[in-house]
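Quick notes on the structure that follows.
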Amino acid sequence: MGLRDDEGGDPRSLAGVQGLGQAKGREGGLLGFGGPTFLTTKVDFVVNWARRNSLWPMPFGTACCAIEMMASAASNFDLARFGMERMSFSPRQADVLICAGRVPYKLAPVLRRIWDQMMQPKWSISMGACASSGGVFDTYSMVQGIDTIIPVDVYVPGCPPRPEGLIYGLMMIQEKIRHESLSEHYALRAEDPSLVGRPCADAEEVEALAGPFGNSTQQEQLTSLAQTTRPARSEDLLP
Amino acid sequence: MTERVVEVPEPGLRSEPMLINLGPQHPATHGVLRLLCELDGETVLKVTPDIGFLHTSFEKLGEYRTWNQIIPLTDRMDYLAPLIYNCVYVMAVEKLMGLEVTERCKVVRVLLMEMDRIFSHLLWLGTTAIDVGAFTPFLYAFQERERIYQLHEAYTGARITTSATRIGGMMADFPEGWTDSLRNFVETFPKTLDEIESLLTTNGIHLGRTLDIGVISGEDALNHGFTGPNLRASGVDYDIRKDNPYYDYETYDFDVPIGENGDCYDRYLVRMEEMRQSLRILEQALERLPDGPINVSDPRVSLPSKTDCMNDMESMIHHFKLITEGIRVPAGDCYFAVEGSKGELGMYVVSDGGEKPVRWRIRPPSFVNLSVIAKLAEGHLVSDLIMINASLDIVLGEIDR
Amino acid sequence: MDESGSAFDAVEQGPGVSDSPAGTPRGGDGDPAGHPSVTALQGRFGATVLHHEVQAGDQHVVFVDAANNRTVLEWLRDDPEQRYDLLVDVTAVDYGGGNPIQIVYQLWSVGRKRALRVKCELPIDGLSIDSVVPLWKTADWLEREVYDLFGVDFRDHPDLRRILMPQNYAEGHPLRKDFPLRGRFSRAEQTRRALSQDYHDDYTADALEVGGAPGLAPPEPAGSTDEPEDTP
């Protein structure tokens with residue numbers, strides 16, 4: 001039983017991976033496989049501390065949320081205290097993709113390409129209602145939630161969310177990073193090259209996620225999403 | 001206007017132009033704009049803008065919303081000056097209905113529109129300075145913008161997406177002390193503006209980046225459809241507040257800055273001066289703000305008070321119908337334009353007598369302004385292209401709608 | 001009107017079909033004396049001016065035969081008494097139900113401080129009209145947008161292609177009344193199409209010709225040793 005399921009399943013599948021913090025399974029010396037050991041927890045601590053306190057955001061700002069993102073970076077709310085003042089406009093040097101604003105279908109391949117160009121470790125924040133679910137705009141040209149295009153770690157609701165909201169979302173990413181472990185490196189960081197440029201959700205999931213609701217037409221489905229194979233998240237709320 | 005001749009440094013060396021894609025994700029394009037540049041080295045031979053990366057179909061969505069439900073959509077187009085959009089939309093519908101708002105409402109809308117003009121110009125200033133390489137004005141401008149954000153939030157509850165107007169009036173009257181905060185802003189803002197000007201206006205680097213860049217003559221500008229500060233920087237004296245005034249603008253004492261050369265530097269100067277003139281209008285409007293009701297009491301649009309609804313059956317039914325069915329606008333069409341922060345912002349509403357529009361057309365100033373960039377940037381360097389793009393003051397939300 | 005329906009129903013049903021029996025709604029005849037350009041137009045063009053009305057209190061609208069739109073607009077731009085030098089807007093209105101589509105030109109004269117709205121009607125199966133780009137360069141993008149969203153063909157337009165929707169957009173012309181709000185394809189299909197755009201779709205054909213394949217420069221002709229010209 002290892003991290004890689006050689007039986008041919010999705011390499012991102014967690015069928016064989018231990019949960020966080022458990023040391024069952026194969027013993028594997030100092031570095032271990034499938035569970036943290038003394039050395040890995042110390043290394044994890046340092047690596048996660050370094051990663052979460054020097055995230056370089058990739059601002060994929062499109063509309064009104066981009067202005068609030070700029071306001072977060074400006075003096076009053078100041079992302080610099082989180083180590084995030086260096087907005088990286090090149091995806092190659094970025095850690096967190098902040099998709100701020102509405103994304104039409106014409107822009108979707110651009111978003112996907114930017115995400116694919118980012119190197120691991122990478123996280124993504126869907127800032128605002130339009131990026132999270134299409135927002136007010138359930139129309140012919142809008143992507144109904146960027147999680148159909150790229151995998152999303154944190155959703156920040158609001159129209160637009162206040163800068164404090166964005167900061168809360170960034171702190172949730174930091175919290176998420178705090179609970180990561182190098183021993184799950186493969187599960188967390190694997191990317192299938194054949195999925196480059198393809199949407200993150202398959203056709204059924206897209207229909208489930210993007211179905212009409214609320215004010216557009218009669219409500220068909222609530223928010224329970226189709227199961228994905230992402231690793232189970234640690235608590236989403238900060239203590 | 002000087003003819004820009006593209007000089008080839010080494011004519012004997014055969015070379016081919018290069019095609020470079022700028023955007024749609026790019027720090028300096030002020031939104032999701034794609035500029036396809038054909039370059040000969042650093043010199044731009046041809047630039048083709050590609051837009052539509054933010055097309056949200058506001059106009060189609062408007063056909064599915066009642067007249068008042070459209071107002072939250074108007075915030076999200078030009079998110080840099082949402083109150084101007086809120087105001088111009090309801091002004092167009094009110095004109096179609098033949099509805100005259102109260103005196104207090106007129107002055108309140110003038111106040112909000114001028115405040116948002118400053119709001120929009122401050123963002124233009126900050127981002128243009130960053131494009132030239134100056135980071136400090138961005139921080140100063142955003143600090144002042146924070147104060148206007150606080151004013152927005154104190155009045156409407158939202159920092160950007162204000163939705164402050166309603167057909168026939170406003171969502172509410174000013175809270176207590178709001179006008180004092182605005183007065184405080186008007187008194188202290190000139191100092192920051194002076195500081196920013198001292199950083200940029202006579203700065204050699206800024207002058208070198210903006211003088212004689214992106215020149216366009218007045219006639220060409222008019223033929224290409226420029227409006228607003230871009231047009232006035234080329235010498236054409238057209239400001240809707242003076243030429244086709246609304247809400248008693250002819251009674252306010254303010255000047256309209258007109259440029260001479262039509263280059264980036266003139267566009268910069270015109271906008272800086274416009275901010276000062278907006279402050280003058282704000283002072284006068286604050287002086288003359290009359291008391292009285294903020295909403296007109298016209299049964300076609302006004303909701304009866306809650307007390308009346310609880311006591312009187314007709315008021316209850318009236319309230320119910322207005323909320324569930326929406327207001328009805330008589331058949332016809334109306335084009336109404338105001339001097340927005342970016343140019344002539346017009347709304348064309350077409351009604352067939354129902355509670356939803358047949359057609360809602362937004363005439364976005366930035367859409368027409370951007371189409372000229374191909375002409376402005378030919379023969380310039382790539383970095384000048386960035387500067388020209390910044391000086392046009394575009395917002396992609398309203399271009400793509 | 002459904003009395004017991006809620007506003008949500010109204011939103012769901014979408015725009016209704018126009019209930020005027022034939023043609024698009026027209027206002028009553030206006031008084032041409034109220035606007036000097038209207039009297040001049042009627043005098044000059046006679047039968048080409050089909051109708052004149054006043055909307056919203058003081059906005060004069062002139063209906064012009066679509067075949068002569070460029071002649072009329074050129075006269076409006078050039079005549080010394082009219083001088084409508086600013087083309088404010090070009091747009092279209094679709095009333096639905098098979099009614100003609102109106103092309104709307106909004107004009108403003110900077111010198112005379114006058115506005116005028118000129119409308120041309122096109123039958124729904126004959127959406128073709130002369131472009132006014134030779135008159136005002138403003139019309140370039142404005143007409144492209146009308147083409148993109150309504151499907152109106154502007155003859156002699158220098159570059160008539162989609163502007164807001166992607167180039168490979170296959171669902172039709174969105175602002176027409178028979179086009180549903182959420183588009184014709186399912187969301188999954190729209191996502192699939194959006195992400196399957198070919199690399200080369202990003203570039204127009206003539207853009208792709210620029211640069212071309214990198215090649216070697218041809219050998220210098222014998223005997224020419226170039227010195228750089230005056231430095232620019």
Side-chain angles (χ1 to χ4, degrees), chain B residues 7 9-19 21 36 38 48 51-52 55 57 59-61 63-66 69 95-96 98 222-225 227 236 238 243-244 323-326 331-337 344 346 348 350 352 354-356 358-359 361 363 367-368 370-372 400-401, chain C residues 1 5-7 10-11 14-16 18-20 25 27 55-57 59 61 85-89 91 93-96 104 106 110 113 115 117 136-138 140-142 145 149 162-166 174-175 179 181 202-204 207-208 210-212 214 217-218 220 224 226 228-229 231-232:
Chain B
E7 294 178 4
E10 290 186 55
L13 193 63
R14 195 196 88 150
S15 64
E16 284 172 343
M18 183 167 56
L19 194 66
N21 191 35
L36 212 58
E38 215 175 290
T48 314
I51 58 174
H55 177 62
S57 58
E59 298 181 356
K60 181 88 179 173
L61 201 49
E63 296 169 13
Y64 289 75
R65 299 264 180 276
T66 67
Q69 286 174 338
K95 189 163 168 75
L96 183 54
L222 211 50
N223 191 278
H224 276 88
T227 47
V236 178
Y238 173 45
D243 295 335
N244 195 8
I323 294 289
T324 54
E325 288 177 2
D333 56 301
C334 174
Y335 175 80
F336 192 86
E344 170 164 349
Y348 177 58
V350 180
D352 63 351
E355 78 282 350
K356 285 174 293 181
V358 167
R359 173 89 168 100
R361 155 81 183 165
R363 190 264 179 202
F367 183 82
V368 185
L370 182 62
S371 61
V372 194
D400 289 338
R401 279 157 289 126
Chain C
M1 193 62 216
S6 69
V11 171
S18 162
D19 39 21
S20 67
Q55 293 284 357
Q59 302 197 347
V61 184
D85 37 17
L86 183 63
L87 175 67
V88 175
D89 196 15
T91 185
V93 183
D94 180 9
Y95 283 88
V104 181
Q106 184 72 33
V110 175
K113 303 197 177 112
R117 191 143 67 238
W136 296 278
K137 292 279 177 294
T138 321
D140 188 354
W141 277 22
L142 291 168
E145 183 183 335
L149 299 176
R162 288 200 183 261
I163 189 170
L164 293 177
M165 304 309 298
L175 272 176
F179 188 93
L181 177 63
D202 284 353
Y203 300 91
T204 56
L208 283 174
V210 171
E220 306 251 338
S224 79
D226 280 336
E229 315 280 74
T231 48

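Predicted model, so just to flag it, every value in this text is computed and none were measured. Reminder, nothing fancy here: chain letters follow the sequence lines and each chain counts from 1.
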Non-neighbouring partners of Tyr238(B) that pass ring pair (Phe, Tyr, Trp, His ring centres under 6.0 Å), sequence neighbours left out: Trp108(C)

Region of Arg162(C) that comes under 4.5 Å of a non-hydrogen atom in chain B: neither

Best-contacting candidate, Leu96(B), Asp243(B), Asn244(B), against chain C by heavy atom pairs under 4.5 angstrom: Asp243(B)

Heavy-atom pair of closest approach, residues His224(B) and Thr138(C): C-OG1, 3.2 Å

Residue Thr227(B) versus chain C: region with a heavy atom under 4.5 Å: side chain

Top of Asp140(C), Val93(C), Leu149(C) for chain B proximity - count of heavy-atom pairs under 4.5 angstrom: Val93(C)

Within 45° cone and under 6.0 Å: Arg401(B) NZ/CZ vs Phe367(B) ring: yes

Qualifying residues under salt bridge (Lys or Arg N to Asp or Glu O under 4.0 Å), relative to Lys137(C), sequence neighbours excluded: none

Glu344(B), part contacting chain C, at a heavy-atom distance under 4.5 Å: side chain

Salt bridge present between Arg359(B) and Glu59(B) (N-O < 4.0 angstrom): yes

Interface residue of largest heavy-atom contact number with chain B, from Val61(C), Val104(C), Leu87(C), Asp94(C), under 4.5 Å: Val104(C)

Nearest atoms (heavy-atom pairs only) where Pro174(C) meets Lys60(B): O-NZ, 3.1 Å

Selection from Asp333(B), Leu222(B), Val368(B) maximising heavy-atom pairs under 4.5 Å formed with chain C: Asp333(B)

